[in-house]
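Below is one structure, written out as structure tokens; the observations come after it.
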Amino acid sequence: MAEELMEEASTAAAATPFQLQFDKPIPFQIKMAEWNPEKDLLAMVTDDSKVLLHRFNWQRLWTVSPGKCITSICWSPDGKIVALGTEDGLVLLHDVENGKMLRRIKSHDVAIVCLNWAEDEPQSRTDKDGLLSYEDRTTRFFPPAPVIPRIGGLSSGDTGLADENEESIQEFSSASCQRFNILCSGDKDGCICFSIFGIFPVGKININEVPIHVQSSESKASYQLQDASISKVSLSGNLHQLVLLCSGKLIDIDNLSHSNDISGGLHCLHLDTSIFFNRKNELHQVSQQASSIQDLVEVVRASISMMAKQWSSAMNLFNEKFSILPSLIAAHGMESSSEDEFMSLLFGTRTSPALHQFLVSSLGEAALKRIAKSVDSAGRELRVVVSEHLQPAVEIISFRLAELRGLARWRSRFQNIGLDEKLIDGVTERIGMLVVQVERFSRVTATVLYLFQNFFSWVLKCVKILLSEPTDQVPAANSEFVVLFLKFLLDKDPIKQLLDADQRFECELDTARHLEQLVVFGGFTDTQFLERSLMKQFNELEESLKEAFSMPFTTISSQIHCQELLPLYPITSSVDLVSTCTLTSVSFYKDEDSQHSGPSYRLTDYICFKIPDGSLNLRNCIGVIKDFSNSSTSTPSLSGFLLRIPDEYECVDLSLYKDSQIVVLLSERSCSDSPGRSYIVMLQTENFSFVPLSKIFPSDIYSIQELAALELQLDTDYGKVRSIPHAVSTPLAISASRGVACVFSSRRHALVYILDEDEDEDEVSDME
């Protein structure tokens, strides 16, 4: 029988085969692969979590090693960014041009097992979208946003932004704001996160905590998932609905006695995400401002961190040398302080033996020049960071928050997405305080550096005189700047204090009274802000930003509801429930027969999945369901069919293709040591009879158990069949936009097929 089927399949392949573009050896074992939606590029993840990018001709463009276990992959809708999900819950966004990391976002606490990036399709836009469109006016008044400072080879620390690709950050930020899109990520603990432009978190739900209400003509039942793990998520192009597949146990909340009738297994859920469509203009505007603000906050954080490191390095050298003087004073049996010794020298009195030894022997001219150069260099770098990074970032944040403040006052539009006017007002005041703190820091820095310069100049003159003349008395000029240095800087470091979050300053009584009077004229309501350091003020700004931006996150999350439930197949063993590798595919297609047009056009979802052997008393079967997301409407059209694969073959992988076609990868079950043949099959779903699904009693939920399995015959007109002369393995990478498929053989070869073109019979014979 197997030989007959193989011969029939080969005959069919010769009649209508797929064109084999090339067969290339690869030195890696591939565990994930995804085609770029806009370009002829294939991103692959190896078993050791290296990410490779190849052209269609198999030219490798780059390889990156994120240093983490990659568990999922997807492309941005414009094909400019590849998103990677990691085992520890991070989303890594990499630039398609060079593989550099653009963002590192902590979205989950556990492994991210699936990613889906959906973009607002042009057909879903309404006439009023043009009237409500929003222009980002920041570029009118400000130069390009500053980037993370990089001075003297120092690292600014972990900021969540790319450390070596600041230009790509700006390009990514500007490009991501052109078309509204949402990145969906699902983890193994049942959480789904939504991020606008892939960077601004706007919602999160836990499937284990979402009530599932099932409405029937006679009653209403409530269910809840337990120990659910997300397998697949797919957001529709019109942003109205999300279909997800998850494994877990289903519990009947209303009647626990019936819970035993529904075992754990793979379930399909339809979530209502119409809030994204209904408020996409508002969400676009808020996320555009908020994501830019978050980027600039990272620039401020990195700038403060960089300045603290630079100044600390210079002060460590200064303190290392000048800390010797107190020891010398004590060794000579004197009770004076370092300040007293320098004051005596300043006013022309006799130089003590301790100070003389310190200046001539311990310090010396060369060491003093080295310290002065270090402090001067640190001061110049501080001024650069403030003028080119810190101050511009703070000013742009202030402008963008003012824009958000104006939006928050449009309550009819923005209150429904959680933009709280009171919270935004609080953040706006705090950024104003930070602007004042940056100005104060700039002035204090200039004063401190000027005093240091005068002090070093005077001490250097003293050292030169002591070295050239055998005298213990130095005629030094009286200088008010040296006095100020000795009084305020020898024991205190104002720059360090301003960069210390725990430092608190005393505000003069007149200044405090003046600040209180300014409140009446629109001044800051918090009149004690001058008592805080620059770092403390920045920390308070971060806290208020977190609180303000969490409101849209919470509000949107609360408006995402579960509309329908469909158990696909049961898994009796809890071990199997965790370990089963689910082959699934979900896609949305525009309904060509729909009478709707414009923003209300109708989408039909298709769900394809492999059923584990023994489940539903079936073996070697795949299931296809369509129109699940419309099953909760007044006229549900949920239907499906089961397809039984011949026993001689097993389904290695499957994927939905364009026009609701299904591509199935089959491998021959070989009893001998020699590897068997494989087949790539494209099935036309229109050639199969979809059977309407009905709800079963007493659970009132849809069931596929009544579907009869159809027999797949490789020699029929169900679709195209192509023979592959060796065994294949997962994954199967399909590109609907390019019409190609990449298959990986067990002998580490990559085979790329053109799905929509036929090749000549002579070429087929040569290849086979």
Side-chain angles (χ1 to χ4, degrees), residues 134-148 159-161 169-170 173-174 176-177 196-197 199-202 281-304 386 389-411 413-441 518-519 522-527 529 532 534-556:
Y134 177 75
E135 176 194 2
D136 184 6
R137 302 186 301 166
T138 310
T139 54
R140 290 188 185 182
F141 307 104
F142 294 92
V147 297
I148 294 174
T159 63
L161 299 181
I169 293 175
Q170 290 184 340
S173 298
S174 60
S176 65
C177 296
I196 299 177
F197 308 138
I199 56 178
F200 181 66
V202 75
N281 292 292
E282 293 86 344
L283 289 170
H284 191 154
Q285 296 170 31
V286 171
S287 58
Q288 180 174 331
Q289 296 290 358
S291 58
S292 297
I293 289 172
Q294 288 176 335
D295 288 349
L296 292 168
V297 165
E298 296 300 332
V299 174
V300 174
R301 185 202 316 280
S303 298
I304 295 177
V386 171
H389 302 275
L390 178 60
Q391 192 165 9
V394 171
E395 290 174 353
I396 297 177
I397 291 174
S398 179
F399 181 84
R400 289 192 176 277
L401 282 173
E403 296 280 273
L404 281 179
R405 189 181 187 186
L407 296 178
R409 294 185 176 183
W410 197 347
R411 299 183 184 90
R413 286 188 59 192
F414 291 91
Q415 198 171 39
N416 291 333
I417 64 168
L419 192 63
D420 188 274
E421 182 181 356
K422 184 177 180 180
L423 293 177
I424 296 298
D425 285 344
V427 179
T428 305
E429 177 168 295
R430 282 177 171 78
I431 188 60
M433 296 176 185
L434 188 60
V435 171
V436 175
Q437 292 281 10
V438 171
E439 178 64 24
R440 177 170 74 165
F441 178 82
L518 287 176
V519 175
F524 302 132
T525 57
D526 183 0
T527 59
F529 71 95
R532 295 188 285 272
L534 173 65
M535 189 64 192
K536 179 67 174 178
Q537 191 66 61
F538 171 70
N539 290 341
E540 291 193 1
L541 172 67
E542 266 202 308
E543 289 297 321
S544 59
L545 278 172
K546 183 179 180 180
E547 183 181 8
F549 290 161
S550 68
M551 284 299 294
F553 183 89
T554 305
T555 303
I556 298 299

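Quick note: residue numbers are just sequence positions, from 1.
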Rounded at 0.5 Å granularity, tell me how far [atom1] in [X] sits from [atom2] in [Y].
X    : Y    : atom1 : atom2 : value
L296 : F399 : CG    : CZ    : 12.5 Å
E282 : L419 : CD    : CG    : 10.5 Å
I293 : F200 : CD1   : CZ    : 9.0 Å
R137 : T139 : CZ    : OG1   : 10.5 Å
R409 : E421 : CZ    : CD    : 5.5 Å
T138 : E403 : OG1   : CD    : 6.0 Å

Worksheet item: Do the side chain of S398 and the main chain of V394 share a donor and acceptor less than 3.5 angstrom apart?
Response: no
Discussion item. So does M551 get a backbone contact from the side chain of T554, meaning a donor-acceptor N/O pair under 3.5 Å?
Written reply: no
Worksheet entry | Ion pair check, E298 and R301, cut-off under 4.0 Å | yes
Discussion item. Is the ring pair F197/H284 parallel, tilted or perpendicular, if the boundaries are 30 and 60 degrees?
Written reply: perpendicular
Evaluate the side-chain proximity of [Y] to [X]: yes if any heavy-atom separation is below 4.5 Å, no if none is.
X    : Y    : result
R440 : Q537 : no
I304 : V300 : yes
L283 : I556 : yes
Q294 : L545 : no
Q437 : R532 : yes
I397 : S292 : no
F549 : L423 : no
L534 : L434 : yes

Return the minimal non-hydrogen interatomic distance between [X] and [Y], and the atom names on each side.
X    : Y    : result
P143 : I396 : O-CD1, 4.3 Å
F142 : E395 : CZ-O, 3.9 Å
A548 : V427 : CB-CG2, 3.8 Å
L404 : I424 : C-CG2, 4.0 Å
V299 : A393 : CG1-CB, 4.1 Å
N416 : T555 : O-CG2, 3.3 Å

Discussion item. How about CD on Q415, more than 12 heavy atoms from neighbouring residues, nucleotides or ligands closer than 6.0 Å, or not?
Written reply: no
